[in-house]
S.K.: 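Below is the structure I would like to discuss, written out as structure tokens.
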Amino acid sequence: MPASGLQRQAKFKSQARRQFDGWADSYDKSLLHHFLFRPSYLAMMEEIAKWRAGRTEPFDLLDIGCGTGALAGLLAGTGWPISVCGLDYSPAMCAEAHKKSRSEAGSGSPVYLAGDSEHLPFAAGSFDLVICMNSFHHYPHQDAVVNEMRRVLRPGGSVVLVDGFRDNAIGWFIYDVVITRIEKSVYHVPWHEVHTLFEKAGLVNIRRSKHSVLFPVLMTVGDAA
């Protein structure tokens, strides 16, 4: 990539980090958390429960774009034999997640790391499940992120990606008009592009489902061969 392109991407990431660092303290109290994030967490929990059905062995989960660790805390509190690692580009979000983890009785001990989703700091085949919720539209190189998700996935594991569904009128207005105007350089990927990204990364058995009405989200699941 030319130097000018690299500079633009660095500036974009820097802006995103500042935005979420500043949002960390009030993140869990926002209207978006109530209307968008919380319903998405519940949909993800149901999907993981389906994936878990019939399995008894411990499993490792990576939550990319974990924010303040709300979902990681829910997962760690299920009683499943699960090891949860949350990764976020915002150090302030990770600090808030650590604080919540210490204060929530029975939440287990998720690990939170500040890191870049395009360059995951893990060895290949480190996780059984890799999930990403409502942050994918912030990533400037979305193909690189999906490739990294697949790289750190173990054979038989799955990637579960949830982000804004912009393929109907409500979703288009909320995500392509309102959210884009507020957050500027973001891109909510149409369902067919998500499918292509998964295919190119080598994921198989790709399936998708739409959840919610007012803030519709698209869940895409793909498996390691």
Side-chain angles (χ1 to χ4, degrees), residues 36-67 69-76 78 80-88 110 117-118 120 122 124-139 141-168 171 175 186-213 215-225:
L36 175 60
F37 302 151
R38 182 73 181 183
S40 297
Y41 297 158
L42 298 179
M44 179 64 78
M45 294 285 284
E46 290 178 3
E47 182 64 30
I48 295 172
K50 287 193 298 181
W51 178 88
R52 171 80 183 150
R55 304 176 190 235
T56 58
E57 67 277 9
F59 63 103
D60 299 305
L61 180 145
L62 173 63
D63 182 6
I64 298 176
C66 65
L71 177 61
L74 289 173
L75 289 168
T78 59
W80 291 334
I82 182 174
S83 175
V84 181
C85 179
L87 180 138
D88 202 279
S117 58
E118 295 178 13
L120 296 176
F122 309 105
S126 294
F127 298 96
D128 302 291
L129 274 176
V130 178
I131 67 174
C132 179
M133 298 198 57
N134 298 312
S135 64
F136 193 65
H137 55 283
H138 286 284
Y139 305 151
H141 301 109
Q142 292 165 325
D143 55 343
V145 175
V146 177
N147 287 336
E148 279 289 271
M149 291 177 178
R150 173 63 185 89
R151 181 184 66 79
V152 301
L153 197 63
R154 290 176 183 144
S158 298
V159 169
V160 187
L161 172 64
V162 174
D163 208 11
F165 178 80
R166 44 81 58 214
D167 291 287
N168 63 13
Y175 298 113
V186 295
Y187 179 58
H188 289 87
V189 186
W191 74 263
H192 64 278
E193 290 186 23
V194 179
H195 188 98
T196 298
L197 290 173
F198 273 45
E199 279 189 327
K200 287 184 176 180
L203 294 164
V204 299
N205 192 27
I206 302 167
R207 59 267 191 203
R208 68 191 62 83
S209 55
K210 174 183 167 290
H211 299 265
S212 191
V213 176
F215 286 86
V217 295
L218 174 69
M219 175 183 289
T220 307
V221 185
D223 302 329

S.K.: For Asp167 and Trp191, indicate whether the former's side chain and the latter's backbone hold a donor-acceptor pair under 3.5 Å.
M.R.: yes
S.K.: With rounding to the nearest 0.5 angstrom, report the OG to CG distance, Ser83 to Leu61.
M.R.: 9.0 Å
S.K.: Looking at every non-hydrogen atom in both residues, tell me the closest pair between Pro216 and Asn168 and how far apart they are.
M.R.: CG-OD1, 4.2 Å
S.K.: Work out which heavy atom in Met149 is nearest to a heavy atom in Val159; give both atom names and the distance.
M.R.: SD-CG1, 3.6 Å
S.K.: Is the shortest side-chain heavy-atom distance between Asp163 and Tyr139 below 4.5 Å?
M.R.: no
S.K.: Of all heavy-atom pairs between Thr56 and Pro81, which one has the smallest distance, and what is that distance?
M.R.: O-CG, 3.9 Å
S.K.: Atom CZ of Arg38 and atom OG of Ser212: how far apart are they, to the nearest 0.5 Å?
M.R.: 14.0 Å
S.K.: What are the two closest non-hydrogen atoms of Leu153 and Ala224, and how far apart are they?
M.R.: CD2-CB, 3.7 Å
S.K.: Quick check against the 3.5 Å criterion: does Glu47 have a side-chain atom that pairs as donor or acceptor with the backbone of Val221?
M.R.: no
S.K.: Less than 4.5 Å apart, side chain to side chain, heavy atoms only: is that true for Phe165 and Lys210?
M.R.: yes
S.K.: Do you see a donor-acceptor pair shorter than 3.5 Å between the side chains of Ser209 and His211?
M.R.: yes
S.K.: Any chance you could measure Cys85, atom SG, to Asp63, atom CG, to the nearest 0.5 Å?
M.R.: 9.0 Å
S.K.: Just by modelled atom types, is the Leu120 backbone N or O under 3.5 Å from a matching donor or acceptor in the Arg151 side chain?
M.R.: yes
S.K.: Identify, with sequence neighbours excluded, every residue that meets side-chain hydrogen bond (donor to acceptor under 3.5 Å, both in side chains) alongside Ser126.
M.R.: none
S.K.: Are Pro190 and Arg166 close enough that some pair of their side-chain heavy atoms sits under 4.5 Å apart?
M.R.: yes
S.K.: Return the OG to NE2 distance between Ser117 and His138, rounded to the nearest 0.5 Å.
M.R.: 11.0 Å
S.K.: For the CG atom of Leu71 and the SG atom of Cys66, what is their distance to the nearest 0.5 Å?
M.R.: 9.5 Å
S.K.: Just so I know, are the side chains of Val217 and Phe37 near enough to count as touching, which here means a heavy-atom distance under 4.5 Å?
M.R.: no
S.K.: Would His195 and Arg208 count as a side chain to side chain contact (heavy atoms under 4.5 Å, CB included) here? Give the steps.
M.R.: CA-CA 9 Å; His195 188 98; Arg208 68 191 62 83; 2.4 Å; yes
S.K.: Are the side chains of Val146 and Val194 in contact, using a 4.5 Å heavy-atom criterion?
M.R.: no
S.K.: Any sub-3.5 Å donor-acceptor pair from Asp128's side-chain atoms to Phe59's backbone N or O?
M.R.: no
S.K.: Between Glu118 (side chain) and His141 (backbone), is there a donor-acceptor pair under 3.5 Å?
M.R.: yes
S.K.: Looking only at heavy atoms, which two atoms of Gly164 and Asn134 are closest? And how far apart?
M.R.: N-OD1, 4.4 Å
S.K.: Sort and list the pairs that fulfil salt bridge (Lys or Arg N to Asp or Glu O under 4.0 Å) and have at least one residue in residues 215-225, not counting sequence neighbours.
M.R.: Arg207-Asp223
S.K.: So Phe127 and Phe122, would you call those rings parallel, tilted or perpendicular, with 30° and 60° as cut-offs?
M.R.: perpendicular
S.K.: Looking at side-chain heavy atoms only, is the closest gap between Leu75 and Met45 below 4.5 Å?
M.R.: yes
S.K.: Locate the shortest heavy-atom distance separating Val84 from Ala76; write the atom from each residue and the value.
M.R.: CG2-N, 4.4 Å
S.K.: How many angstroms lie between OG in Ser135 and CG in Leu161, if you round to the nearest 0.5 Å?
M.R.: 8.0 Å
S.K.: Pair Asp143, Lys200 - check side chain to side chain contact (heavy atoms under 4.5 Å, CB included), show working.
M.R.: CA-CA 9 Å; Asp143 55 343; Lys200 287 184 176 180; over 6 Å; no
S.K.: Please confirm whether the backbone N or O of Leu74 pairs with a side-chain atom of Thr78, one donor and one acceptor, at under 3.5 Å?
M.R.: no
S.K.: For a 4.5 angstrom cut-off between non-hydrogen side-chain atoms, does Ile48 reach Leu129?
M.R.: yes
S.K.: Check the side chains of Tyr41 and Glu46 for a donor-acceptor pair under 3.5 angstrom, ignoring hydrogens and angles.
M.R.: no
S.K.: Are Leu218 and Thr220 close enough that some pair of their side-chain heavy atoms sits under 4.5 Å apart?
M.R.: yes
S.K.: Given the rule in the side chain to side chain contact (heavy atoms under 4.5 Å, CB included) test, do Leu62 and Ile131 qualify, once you have shown the distances and angles that lead to the verdict?
M.R.: CA-CA 6 Å; Leu62 173 63; Ile131 67 174; over 6 Å; no
S.K.: Start with the C-alpha distance between Arg154 and Asp60, add both sets of side-chain angles, then the distance that settles salt bridge (charged side-chain N to carboxylate O under 4.0 Å, His left out), and finish with yes or no.
M.R.: CA-CA 10 Å; Arg154 290 176 183 144; Asp60 299 305; 2.8 Å; yes
S.K.: Please confirm whether the backbone N or O of Phe136 pairs with a side-chain atom of Gln142, one donor and one acceptor, at under 3.5 Å?
M.R.: yes
